[in-house]
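Let me begin by presenting the structure, written as structure tokens, before commenting on it.
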Amino acid sequence: MRHLISLDDLTDDELRAIVRRAVFLAERPRATYSTLDGLVVGIHFRKTSTRTRTAFSAGALRLGARIIAYGPDDLQTNTGESIEDTGRVLSSMLDVLVARTAADPAELRAIAAQDRMAVVNAMSADEHPTQALADLTTIVQRFARVDGVRMLYLGEGNNTAAALALALSRFPGTELHLRTPPGYGVDPDVLERAGKHAARHGSSLVERHDVLDLPADVDIVYTTRWQTTGTSKPDPDWRTVFAPFQVTAELWRTSPDALFLHDLPAHRGEEVTADVLDGPRSIAFAQAENKLYSAMAALEWCCGAEGA
């Protein structure tokens with residue numbers, strides 16, 4: 001069993017292999033497989049989820065596994081049991097635990113401190129690795145490659161932005177232009193790690209806190225909702241700070257062929273205008289469907305059943 005708590009848990013070859021497998025699965029929608037036959041997958045979400053929870057639940061079933069779903073108040077951690085004890089017990093009964101905590105990833109690392117049960121990070125405070133897998137799958141579908149893709153990201157430097165930085169920087173020639181509001185940038189540790197990947201692969205990663213001199217001829221424009229799941233902003237005037245970073249149709253004046261990505265859910269009129277999200281360049285809902293196939297590929301990798 002292998003854990004997927006951060007994209008940095010994957011080698012470059014493993015990352016590419018998971019994406020290739022996800023693309024393969026996406027070409028065969030609604031198909032079922034037996035790669036996880038006989039295994040039991042726990043689905044534990046302490047925060048709300050539509051796409052990720054459904055993707056892992058449906059994906060596990062389509063791979064032949066059985067699932068046990070836990071709500072936010074179902075485990076004895078709520079009565080004081082330690083995370084370590086919880087992980088030890090669950091690992092004696094489950095083969096995989098998919099968990100969304102929106103909290104410190106150290107919690108997931110503590111659960112993963114055993115060798116019987118794989119742990120998948122379905123979103124922590126610092127990173128959303130399985131979202132990036134869906135994003136890469138979508139990019140390969142549309143461009144037949146990730147290498148050399150140019151992306152403009154506008155909005156909060158949240159866990160989705162962190163995952164994008166850690167993912168795209170692993171592919172040669174990519175450019176990721178992060179434009180984040182002042183005070184809401186990507187965690188410096190993530191930027192440092194992604195910068196090391198970029199140096200190895202000849203990719204580019206730049207963060208600025210303004211919307212001046214935006215790059216032209218990008219392949220993808222990406223945003224996320226301004227209120228990240230499980231977080232709140234201390235500044236009561238934060239919407240004023242975020243307003244210039246809204247994605248509008250004006251961005252397509254200098255990048256007419258760019259595709260639009262959004263990790264959803266979206267708030268039309270806030271981070272993106274309706275004419276962009278629902279327009280002809282948006283593939284956000286195809287991107288959402290790819291969460292299923294990337295979840296399936298991730299589960300197979302964690303269980304050593306990839307490509308079976």
Side-chain angles (χ1 to χ4, degrees), residues 7 19 51-52 123 127-143 145-171 173-181 184-187 190-191 194 198 203-211 214-229 242 244-268 270-291 294:
L7 290 171
V19 174
R51 281 146 292 275
T52 307
M123 193 181 77
E127 189 181 337
H128 197 350
T130 63
Q131 178 63 53
L133 295 178
D135 298 340
L136 293 174
T137 301
T138 307
I139 291 170
V140 172
Q141 281 182 327
R142 300 296 170 145
F143 297 96
R145 58 180 171 80
V146 179
D147 297 3
V149 164
R150 304 180 70 231
M151 179 184 291
L152 169 63
Y153 175 92
L154 287 162
E156 186 176 27
N158 56 18
N159 41 33
T160 291
L164 281 171
L166 293 171
L168 282 182
S169 58
R170 307 273 287 270
F171 292 83
T174 58
E175 295 180 20
L176 177 57
H177 300 269
L178 294 159
R179 296 300 181 93
T180 57
Y184 296 94
V186 178
D187 184 277
V190 171
L191 291 177
S203 54
S204 173
L205 174 73
V206 178
E207 182 181 41
R208 285 174 50 176
H209 305 299
D210 60 62
V211 289
L214 293 174
D217 296 321
V218 296
D219 300 302
I220 298 166
V221 176
Y222 196 125
T223 194
T224 69
R225 67 174 177 173
W226 289 344
Q227 279 282 41
T228 303
T229 299
F242 274 66
F245 295 83
Q246 183 186 62
V247 173
T248 68
E250 176 65 18
L251 291 174
W252 273 259
R253 185 175 59 81
T254 56
S255 296
D257 297 323
L259 297 176
F260 175 68
L261 294 179
H262 191 306
D263 60 353
L264 302 180
H267 289 183
R268 293 169 177 81
E270 290 193 359
E271 75 275 5
V272 60
T273 55
D275 59 336
V276 171
L277 180 63
D278 302 316
R281 307 307 299 172
S282 173
I283 55 172
F285 289 91
Q287 173 191 6
E289 181 179 348
N290 282 332
K291 296 207 76 172
S294 56

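In this structure, the side-chain contact (heavy atoms from CB on, under 4.5 Å) partners of Ala194, at least two apart in sequence or on a different chain, are Ala165, Leu166, Ser169, Leu205. Residues satisfying the salt bridge (charged side-chain N to carboxylate O under 4.0 Å, His left out) test with Asp275, not counting sequence neighbours, are none. Thr180 pairs by the side-chain hydrogen bond (donor to acceptor under 3.5 Å, both in side chains) definition with Glu207, His209, not counting sequence neighbours. Residues satisfying the salt bridge (charged side-chain N to carboxylate O under 4.0 Å, His left out) criterion with Arg268, sequence neighbours excluded, are Asp278. Residues passing the salt bridge (charged side-chain N to carboxylate O under 4.0 Å, His left out) test with Arg208, sequence neighbours excluded: Asp210. For Glu250, the salt bridge (charged side-chain N to carboxylate O under 4.0 Å, His left out) criterion is met by Arg253, not counting sequence neighbours. Partners of Glu270 by side-chain contact (heavy atoms from CB on, under 4.5 Å), not counting sequence neighbours, listed by chain and number: Trp226, Arg239, His267.
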(request) Assess whether side-chain contact (heavy atoms from CB on, under 4.5 Å) is satisfied between Val190 and Glu127, documenting all intermediate values. (result) CA-CA 9 Å; Val190 171; Glu127 189 181 337; over 6 Å; no
(request) Check the pair Ile139, Met151 against side-chain contact (heavy atoms from CB on, under 4.5 Å), reporting the backbone distance first and the verdict last. (result) CA-CA 11 Å; Ile139 291 170; Met151 179 184 291; 4.1 Å; yes
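The shortest distance between side-chain heavy atoms of Val149 and Phe171 does not fall below 4.5 Å. Annotation: side chain of Leu178 is in contact with side chain of Leu191 (closest heavy-atom distance under 4.5 Å).
Residue pairs meeting the salt bridge (charged side-chain N to carboxylate O under 4.0 Å, His left out) criterion with at least one member in residues 257-266, sequence neighbours excluded, do not occur.
Considering all non-hydrogen atoms of both residues, Leu152 and Arg179 come closest at CD1-CG, 3.9 Å. Scanning all heavy atoms of the two residues, the minimum distance from Ala288 to Arg51 falls at CB-CD, 3.8 Å. A pairwise comparison of heavy atoms in Arg170 and Leu7 identifies NH1-O, 3.3 Å as the closest pair.
Counting only N and O atoms by type, the side chains of Lys291 and Thr52 include a donor and acceptor under 3.5 Å apart.
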Run the side-chain donor-acceptor check on residues 214-224: report pairs under 3.5 Å with partners two or more places apart or on a different chain.
unit_1 : atom_1 : unit_2 : atom_2 : d
Asp219 : OD2    : Arg150 : N      : 2.8
Tyr222 : OH     : Asp135 : OD1    : 3.3
Tyr222 : OH     : Asp135 : OD2    : 2.9
Tyr222 : OH     : Gln287 : NE2    : 3.3
Thr223 : OG1    : Leu154 : O      : 2.7
Thr224 : OG1    : Tyr153 : OH     : 3.3
Thr224 : OG1    : Asn158 : ND2    : 2.9

